[in-house]
Amino acid sequence: MDREWYARDVETVARELIGCRLVHGKRAGIIVETEAYRGPEDGASHARFGPTARTAVMFGKGGVAYVYLCYGIHEMFNIVTGVEGQGQAVLIRAVAMPDDDALGRGPGKVTKALAIDRSHDRRDLTRGALYVAPGETPPAVKAGPRVGVDYAGEWANKPFRYWWADHPAVSRAPVRGKVSTRRKRSR
DNA sequence: GCCTGGATTATC
DNA sequence: ATAATCCAGGCA
């Protein structure tokens, strides 16, 4: 995909990424689940604090990778969209791998399956070994609330998550309304 | 500087 | 239900 394609609105790109091929060298998978993060006004987005050392890339041009470490364990792959200053990005939550459907299920698994890590942060996706290409046409795409962003108030309910309807590689959405990520610190 | 808590996943 | 594991960013 070229710069123009990525420069469009984040919701459009997130929706159209479903069915596309995500390629990294010899590895590739079909994207079956994404989430749109709208910009500084989006209470669920890393962009909500404005540009910082980590998130400045989100405020740059579209078609660039944003990769960050989550929970100290998992690396998450995002694609910046829109034009400079907007702060939009799409999280790739699941890909269908040719051999193993379970391999690309869940955002932490996507980076594992395609060997993407923080060294790819800020990588230009319009040139090089990491890129998106046309793939298949999904029979149906559904939309619903994003996963794991209950802290974001009204923004948590917006239907910014897109997935290939009934595809087996789509991540299982956890039961919402339950927050069990609290870890007690002895103090 | 210190401290909180997370765009998650595996296992208990 | 909770451990694993680390660092960004708010606040003092």
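Computed from a prediction, not measured in an experiment: that's the story for all the values here. Here is the naming used below: chain letters follow the sequence lines, and residue numbers restart at 1 for every chain.
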**Q** Please give the distance between the C1' atoms of B/dG5 and C/dT2 as a whole number of Å.
**A**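 So the two C1' atoms sit 15 Å from each other.
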
**Q** When all nucleic acid strands are considered with a 4.0 Å heavy-atom cut-off, which category describes A/Ile73: base, sugar-phosphate, or nothing?
**A**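 Base contact.
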
**Q** Tell me whether the rings of A/Trp155 and A/Phe160 are parallel (<30°), tilted (30 to 60°) or perpendicular (>60°).
**A**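 Because their plane-to-plane angle lies in the 30° to 60° range, the rings of A/Trp155 and A/Phe160 count as tilted.
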
**Q** Extract from the structure each pairing of a protein N or O with an N or O of nucleotides 8-12 of chain C at less than 3.5 Å, listing the distance.
**A**
unit_1	atom_1	unit_2	atom_2	d
C/dA8	O3'	A/Arg54	NE	3.3
C/dG9	OP1	A/Thr52	OG1	2.7
C/dG9	OP2	A/Thr52	OG1	2.9

**Q** When A/Thr111 is tested against each of A/Val95, A/Ile116, A/Ile92 for side-chain contact (heavy atoms from CB on, under 4.5 Å), which residue passes?
**A**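 Only one option passes, and that is A/Ile116.
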
**Q** Check every atom of B/dA7, B/dT8, C/dC6 against the side chain of A/Leu69 and return the nucleotide holding the closest atom.
**A**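 Within the option list, the nearest is C/dC6.
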
**Q** Between P on B/dT8 and CE on A/Met76, what's the gap in Å once rounded to a whole number?
**A**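 In whole Å, B/dT8 P and A/Met76 CE are 4 Å from each other.
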
**Q** Is it true that a side-chain atom of A/Arg38 and a backbone atom of A/Val10 form a donor plus acceptor pair closer than 3.5 Å?
**A**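 Judged by distance alone, no pair lies under 3.5 Å.
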
**Q** Nearest whole angstrom, please: distance from the C1' of C/dC7 to the NE2 of A/His74.
**A**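 In whole Å, C/dC7 C1' lies 15 Å from A/His74 NE2.
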
**Q** Under a 3.5 Å cut-off for both contacts, is C/dT5 paired Watson-Crick or G-U wobble with anything, and if yes, with which nucleotide?
**A**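 Pair assignment: C/dT5 / none.
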
**Q** Using modelled atom types only, decide if a donor and an acceptor are shared between the side chain of A/Glu75 and the backbone of A/Arg118 within a distance under 3.5 Å.
**A**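 Looks like yes, one N/O pair under 3.5 Å.
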
**Q** Is A/Tyr151 stacked on the base of B/dG6, meaning ring centres closer than 5.5 Å and planes within 30 degrees of each other?
**A**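 Stacking between A/Tyr151 and B/dG6: absent.
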
**Q** Output the rounded distance in Å from CD (A/Gln88) to P (B/dA7).
**A**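 Interatomic distance, CD of A/Gln88 to P of B/dA7: 18 Å.
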
**Q** Would you verify whether the NZ or CZ of A/Arg54 falls within 45 degrees of the ring axis of A/Phe49 while also being under 6.0 Å from that six-membered ring's centre?
**A**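 So A/Arg54 doesn't make the cation-pi contact.
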
**Q** Is the distance from OP1 or OP2 of B/dT9 to the nearest side-chain N or O of A/Lys112 less than 4.0 Å?
**A**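 It does not, given that no N or O in the side chain of A/Lys112 lies less than 4.0 Å from OP1 or OP2 of B/dT9.
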
**Q** Please state how far atom CZ in A/Phe77 lies from atom C1' in B/dA7, giving the value in whole angstrom units.
**A**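 The distance from CZ of A/Phe77 to C1' of B/dA7 comes to 14 Å, rounded to the nearest Å.
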
**Q** Ignoring hydrogens, what is the shortest heavy-atom contact between A/Val132 and A/Tyr6? Give both atom names and the distance.
**A**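 Minimum heavy-atom separation between A/Val132 and A/Tyr6: CB-OH, 3.3 Å.
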
**Q** Roughly, in whole Å, what's the span from NZ in A/Lys109 to C1' in B/dA10?
**A**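 After rounding, the reported distance stands at 9 Å.
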
**Q** Just how far, in rounded Å, is P of C/dC7 from CD of A/Glu75?
**A**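 Between P of C/dC7 and CD of A/Glu75: 10 Å.
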
**Q** Below 30° counts as parallel, above 60° as perpendicular, anything between as tilted: where do the rings of A/Tyr68 and A/Tyr66 land?
**A**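 It falls in the parallel class, under 30°.
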
**Q** Can you check the A/Ile116 CD1 to B/dA7 P distance for me, whole Å?
**A**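 Going from A/Ile116 (CD1) to B/dA7 (P), I get 19 Å.
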
